[in-house]
Amino acid sequence: MGSNKICNYGLYVMEQYTDVTLIDRENITVAPDIHVIQASEQLHVISAGEAALSNVQEIVANRCQEILKDTDLVPIDVHTPMRLRSRGKF
């Protein structure tokens with residue numbers, strides 16, 4: 001999942017800082033690094049038990065996709081706020 005994280009976040013950054021417009025951006029998953037995982041646990045997106053699993057990145061990505069379904073947000077949109085939440089110790 002590590003290379004997926006880099007690829008997904010790279011696409012997000014490219015779209016944010018260039019004039020590139022991505023099609024089907026809803027298919028870019030959240031990039032679940034340690035901070036996104038910690039924020040996911042803090043926000044009860046995942047349980048403490050799920051946070052300890054070896055496939056936690058996949059769990060977080062899937063859960064974010066489920067939660068954001070039928071909203072105006074797509075999973076990669078929540079990466080930065082979740083990362084900042086964890087790093088800022090909110």
Side-chain angles (χ1 to χ4, degrees):
M1 185 80 170
S3 62
N4 286 346
K5 178 192 127 185
I6 293 167
C7 179
N8 290 347
Y9 194 66
L11 289 170
Y12 173 77
V13 168
M14 183 182 356
E15 185 182 53
Q16 293 299 306
Y17 296 101
T18 69
D19 59 355
V20 169
T21 302
L22 301 173
I23 324 173
D24 297 332
R25 67 188 300 275
E26 67 275 4
N27 294 314
I28 304 173
T29 65
V30 67
D33 62 14
I34 187 68
H35 297 292
V36 171
I37 292 167
Q38 289 172 350
S40 296
E41 185 179 355
Q42 293 165 356
L43 295 168
H44 304 284
V45 172
I46 60 170
S47 67
E50 289 171 320
L53 296 174
S54 62
N55 65 334
V56 65
Q57 291 177 320
E58 184 179 342
I59 294 168
V60 169
N62 290 336
R63 195 71 47 80
C64 287
Q65 190 170 28
E66 290 170 22
I67 290 169
L68 296 173
K69 185 179 178 182
D70 300 325
T71 72
D72 291 335
L73 296 174
V74 297
I76 196 63
D77 291 337
V78 299
H79 174 84
T80 299
M82 290 180 77
R83 184 171 168 75
L84 293 174
R85 176 187 170 74
S86 173
R87 290 185 57 124
K89 310 255 190 267
F90 291 105

Q) Who pairs with T18 by side-chain contact (heavy atoms from CB on, under 4.5 Å), at least two apart in sequence or on another chain? A)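 side-chain contact (heavy atoms from CB on, under 4.5 Å) check on T18 returns M14, V20.
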[X] to [Y] - nearest heavy-atom pair and separation:
X: T29; Y: I76; answer: O-CD1, 3.4 Å
X: V60; Y: S40; answer: CG1-OG, 3.5 Å
X: Q42; Y: S86; answer: OE1-CA, 4.3 Å
X: L68; Y: T71; answer: O-OG1, 2.6 Å
X: P75; Y: E26; answer: CD-O, 4.0 Å
X: H79; Y: V36; answer: ND1-CG2, 3.4 Å

Q: Please identify each residue that fulfils side chain to side chain donor-acceptor pair (under 3.5 Å) with E15, with sequence neighbours left out.
A: R25
Q: Examine distances only and state if a side-chain atom of D77 and a backbone atom of V74 form a donor-acceptor pair shorter than 3.5 Å.
A: yes
(Q) So does S47 get a backbone contact from the side chain of E50, meaning a donor-acceptor N/O pair under 3.5 Å? (A) yes
Q | Heavy-atom side-chain contact between I67 and V45 under 4.5 Å | A |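 Yes - at least one pair of side-chain heavy atoms lies under 4.5 Å apart.
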Q: Would you mind reporting whether I37 and M82 have side-chain heavy atoms less than 4.5 Å apart?
A: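 No, their side chains stay 4.5 Å or more apart.
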When rounded to the nearest 0.5 angstrom, what distance separates [atom1] in [X] from [atom2] in [Y]?
X: R87; Y: D33; atom1: CZ; atom2: CG; result: 9.0 Å
X: L11; Y: Q16; atom1: CG; atom2: CD; result: 11.5 Å
X: I34; Y: Q38; atom1: CD1; atom2: CD; result: 4.5 Å

